[in-house]
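Take a look at the structure below.
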Amino acid sequence: MKTSADVVIVGGGCMGASVAYHLARRGVTNVVLLEREKMLGTGSTGRNAGGVRHQFSNEANIRLSIESIALLERFGDEIGHPIDFHQDGYLFLLSSEASVETFRQNVALQRRLGVDVEWLDAAAAARLAPGLDASGVRAATFCQRDGIADPNGVTMGFVKAAQAAGVSVERDVEVTAIHLDAGRVASVETTRGTIATRTVVNAAGPWAEQVGRLAGVDVPVTPVRRHIFIAACDAPAPAAAPGSPPAPAAFPESHVMVIDFETTFYFHREGAGLLFGMGDPREKSGFDMTVQWDFLPQVIDVAVTRLPALANASISHAWAGLYEMSPDANPIIGRAATVEGFYLINGFSGHGFQHSPAAGRILADLIAGRDPHFDLAPFAIDRFNTRAVSGERYVV
Ligand SMILES: Cc1cc2nc3c(=O)[nH]c(=O)nc-3n(C[C@H](O)[C@H](O)[C@H](O)COP(=O)(O)OP(=O)(O)OC[C@H]3O[C@@H](n4cnc5c(N)ncnc54)[C@H](O)[C@@H]3O)c2cc1C
């Protein structure tokens, strides 16, 4: 392993990979990316639902999405790695007047920024997702360019391109200390030796607070467990009444992502199966990633009201991962205020995979001394102490 580098990146998930790639494109290649696991992308990145959307409530997040989705659309041409990107849209179902009003303001904002978002009624929503029961849905929003992509493909695409340009990637090595000299980063201590460097990137996902502490920087990120379940799609559709038209398909064939905004139940097609999940408001913060099987019946109680065929489906497997929550559900991107040379790309609050292309580009510009052409005030680490923040409302 190198003993000195211009930049050391801590964490080999989608964020660390994107920063490495974008640094390399800017000619900064004396870079070491360190991952403590034996493989890259086994943290939150390897446990996420792959969702990619323009539909956010916060302007800065919509801007991250516009840039990120444009890169995902040209990923094959620019980076030459498959990412299995299906732009079959995100469909938000709204069942309360309060949600419809919130979305009215946010759709106006999204459209002002150039995003093509449609309003649909319940019948049109049901047509987009065969098998969906849209009872009680007052309105829905749909953006065709939203979709589903492969987190491993994106991460490995970034990493391989960075490696090809000269970036070093080390697995199975943990960062255990970060040493400072006169208030700036001087070196990184690892389980395989010390690397002298003046620049460290904290790309440690749900472990960002711990890595921040190594440099004496308070990074307000807390881990919160989220579950994902996979159902086999072989369950029959509910039988049609005699004399009525044939029953619709039990599950959508497309990869449309459907989100029941009120309950946070969501689903999309995943290969031959159906991926679904739902937030648990009682979940406390912590690093436990074991699957709580007794949560499944609560999800199913809600799920069958929207997707009745799930009542007869078998669950083929499940996993849990960690959302990396910031206090206002917006990320923290930029320089640490108190330690020179320490950079943050943290706290994406459950929607970081889709923002990794733009977030990595922005941070690489900052490190390389370029203007990122992005107003980072909503993502600054000092925002929590200095002003009232208006974060992200669409946390699914
Ligand atoms: C169930 C679930 C569903 C999700 N669905 C979506 C979705 O649909 N769309 C979306 O955009 N986002 C989604 N997310 C969120 C998304 O996965 C995260 O925002 C994103 O993966 C964060 O990437 P990261 O690189 O910052 O973190 P990670 O992927 O967790 O990477 C951090 C890495 O740092 C390493 N590390 C930590 N400490 C050290 C150390 N001291 N030394 C060396 N290495 C260290 C860890 O091992 C880890 O590999 C979901 C998350 C979960 C859990």
Side-chain angles (χ1 to χ4, degrees), residues 8-20 32-53 56 61 64-65 68-69 72 90 146-149 151-152 154-155 158-159 170-178 188-192 200-215 221 223-229 257 259 264 266 268 270 275-280 283 287 289 291 318-326 329 331-333 344-357 359-360 363 394-396:
V8 172
I9 301 170
V10 187
C14 56
M15 293 303 163
S18 177
V19 175
V32 182
L33 184 152
L34 301 173
E35 168 53 52
R36 71 175 165 201
E37 301 297 334
K38 288 194 166 49
M39 293 170 71
L40 301 171
T42 58
S44 297
T45 299
R47 295 161 186 266
N48 88 61
V52 171
R53 59 181 151 109
F56 282 91
N61 283 331
L64 284 183
S65 294
S68 293
I69 290 171
L72 295 178
Y90 255 66
D146 295 349
I148 308 293
N152 180 58
V154 171
T155 305
F158 280 144
V159 164
E170 303 287 345
R171 302 151 213 240
D172 204 10
V173 51
E174 180 167 358
V175 173
T176 52
I178 297 171
V188 166
E189 206 168 300
T190 80
T191 43
R192 274 201 261 141
V200 169
V201 175
N202 179 350
W207 299 274
E209 196 260 346
Q210 298 175 345
V211 169
R213 220 182 301 139
L214 297 180
V221 169
V224 179
R225 178 173 51 186
R226 288 281 176 135
H227 288 82
I228 284 182
F229 300 96
M257 169 79 103
I259 298 175
T264 75
Y266 66 89
H268 68 75
E270 178 83 353
L275 179 155
F276 66 98
M278 189 174 88
D280 180 356
E283 187 76 58
F287 290 100
M289 285 189 265
V291 172
W319 66 85
L322 301 172
Y323 273 19
E324 62 313 25
M325 298 304 299
S326 79
I332 300 162
I333 305 175
L344 308 161
I345 184 162
N346 306 123
F348 285 82
S349 303
H351 39 259
F353 161 59
Q354 63 204 285
H355 285 162
S356 61
L363 200 69
Y394 294 11
V395 178
V396 179

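Numbering of ligands and ligand atoms starts at 1, following listing order.
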Residues in the immediate environment of ligand 1 (any heavy atom closer than 4.0 angstrom): Val10, Gly11, Gly12, Gly13, Cys14, Met15, Leu34, Glu35, Arg36, Glu37, Gly43, Ser44, Thr45, Arg47, Asn48, Ala49, Gly50, Gly51, Val173, Glu174, Val175, Ala203, Ala204, Gly205, Pro206, Trp207, Val211, Arg226, Ile228, Gly321, Leu322, Tyr323, Glu324, Phe348, Gly350, His351, Gly352, Phe353, Gln354

Between Leu33 and Ala17, the two heavy atoms sitting closest are CD1-N, 4.0 Å

So, for Ser65 and His355, which heavy atoms are closest and what is the spacing to 0.1 Å? OG-NE2, 2.8 Å

What pairs of residues pass the side chain to side chain donor-acceptor pair (under 3.5 Å) test when at least one of them lies in residues 204-214, not counting sequence neighbours? Glu209-Arg213

Can you tell if the side chain of Leu322 reaches within under 4.5 Å of the side chain of Met289, non-hydrogen atoms only? yes

Are the side chains of Phe348 and Val221 in contact, using a 4.5 Å heavy-atom criterion? no

Can you classify the ring geometry of Phe229 versus His227 as parallel (below 30°), tilted (30 to 60°) or perpendicular (above 60°)? parallel

